[in-house]
Amino acid sequence: MLRIRVLHGPNLNLLGSREPSLYGTLSLEAIDSAITKLAIELAVKVDLRQSNSEGELVTWVQEAREEYDGIIINPAAYTHTSIAIRDAIAAVGLPTIEVHLSNIYQREEFRHRSYISGVSIGQISGLGATGYLLALRGLHDHLAASKGRKSTSAQAASRRAIKGTTS
Ligand code: CA2
């Protein structure tokens, strides 16, 4: 079973209560339920967490290396400031998808730069809560394809070992 950690950054615990025109009307709990429902359909184990603290997000990214196959992250404001989160994602080397509820490129200039996109396999921005669901499908397909490739090459290696050939 594929295992994916989903991380929500600072202030996303306030979703649904304020700024609905930017971030939609769904609470974080409702978004997490929709993610969980899709995860069950896709037979993926998901672990969902929110933190207002950069250090805690860094720790959760680092710890994901042991137990997870990939990461979905909305780093919120840390997107535009955090070299620490970027370094953690690069260090663990897990396929990561960056999600934003709003379209960061239609907003203030300072939101146009993401420190995270360079270490992510993809970014989804501006599709509201649907972005998390697309990210889950996308990461699931990416991981399933790379697992398939690994098992095909492992099978080929074992066939070569049985035959006693090297190439
Ligand atoms: O669009 C996104 O998902 C963002 O990551 C949200 C961040 C913002 O700093 C990024 O530029 C784009 C802000 C999250 C704040 O969430 C709130 C939710 C409700 C009320 C107030 C803030």
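The structure presented is a predicted model; accordingly, all values stated were derived computationally and were not measured. Note that ligands are numbered from 1 as they come in the structure, with each ligand's atoms numbered from 1 the same way.
Residue L15 places a heavy atom less than 4.0 Å from ligand 1.
In the model, Q50 has a side-chain atom that pairs as donor or acceptor with a side-chain atom of N52 under 3.5 Å. With hydrogens and angles left out, the side-chain atoms of S117 and Q123 include no donor and acceptor closer than 3.5 Å. With 3.5 Å as the limit, one finds a donor-acceptor pair spanning the side chains of S114 and E98.
A ring-centre distance under 6.0 Å is not found for H100 and Y132.
Cluster annotation: I73 is not connected to L38 through the hydrophobic network of ILVMFWY side chains, with a link wherever side-chain heavy atoms come within less than 4.5 Å. Cluster membership for L143 and Y68, using ILVMFWY side-chain heavy atoms within less than 4.5 angstrom, is not shared. I71 and L42 fall into different hydrophobic clusters, where Ile, Leu, Val, Met, Phe, Trp and Tyr residues are linked whenever their side-chain heavy atoms come under 4.5 Å apart, directly or through other members.
Contact annotation for I104 and ligand 1: only side-chain heavy atoms (C-beta onward) come within less than 4.0 Å of the ligand. Contact annotation for T79 and ligand 1: no heavy atom of the residue comes within less than 4.0 Å of the ligand.
Listed by atom number, the atoms of ligand 1 under 4.0 Å from R18 heavy atoms are 19 (C), 20 (C). Counting atoms of ligand 1 from 1 in the listed order, those under 4.0 Å from a heavy atom of H80 are 10 (C), 11 (O). Within ligand 1, counting atoms from 1 as listed, the ones closer than 4.0 Å to a heavy atom of A77 are 9 (O). Atom numbering of ligand 1 starts at 1 in the shown order; those under 4.0 Å from a heavy atom of L14 are 19 (C), 20 (C).
Protein heavy atom at the shortest distance from atom 4 (C) of ligand 1 is H100 ND1, 3.7 Å. Remark: minimum distance from atom 15 (C) of ligand 1 to any protein heavy atom is reached at N11 CB, 3.6 Å. Of the protein's non-hydrogen atoms, the one nearest atom 2 (C) of ligand 1 is L101 N, 3.3 Å. Given atom 1 (O) of ligand 1, the protein heavy atom at minimum distance is S102 OG, 2.5 Å.
Between the choices E19, R111, R107, the shortest heavy-atom distance to atom 21 (C) of ligand 1 belongs to E19. Taking all heavy atoms of F110, Y78, Y23 into account, the minimum distance to atom 18 (C) of ligand 1 is reached by Y23.
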Pair I4-K45, side chain to side chain contact (heavy atoms under 4.5 Å, CB included): steps then yes or no
CA-CA 6 Å; I4 293 176; K45 175 188 161 187; over 6 Å; no
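The main-chain N or O of I116 is never found under 3.5 Å from a side-chain atom of R86 such that the two would form a donor-acceptor pair.
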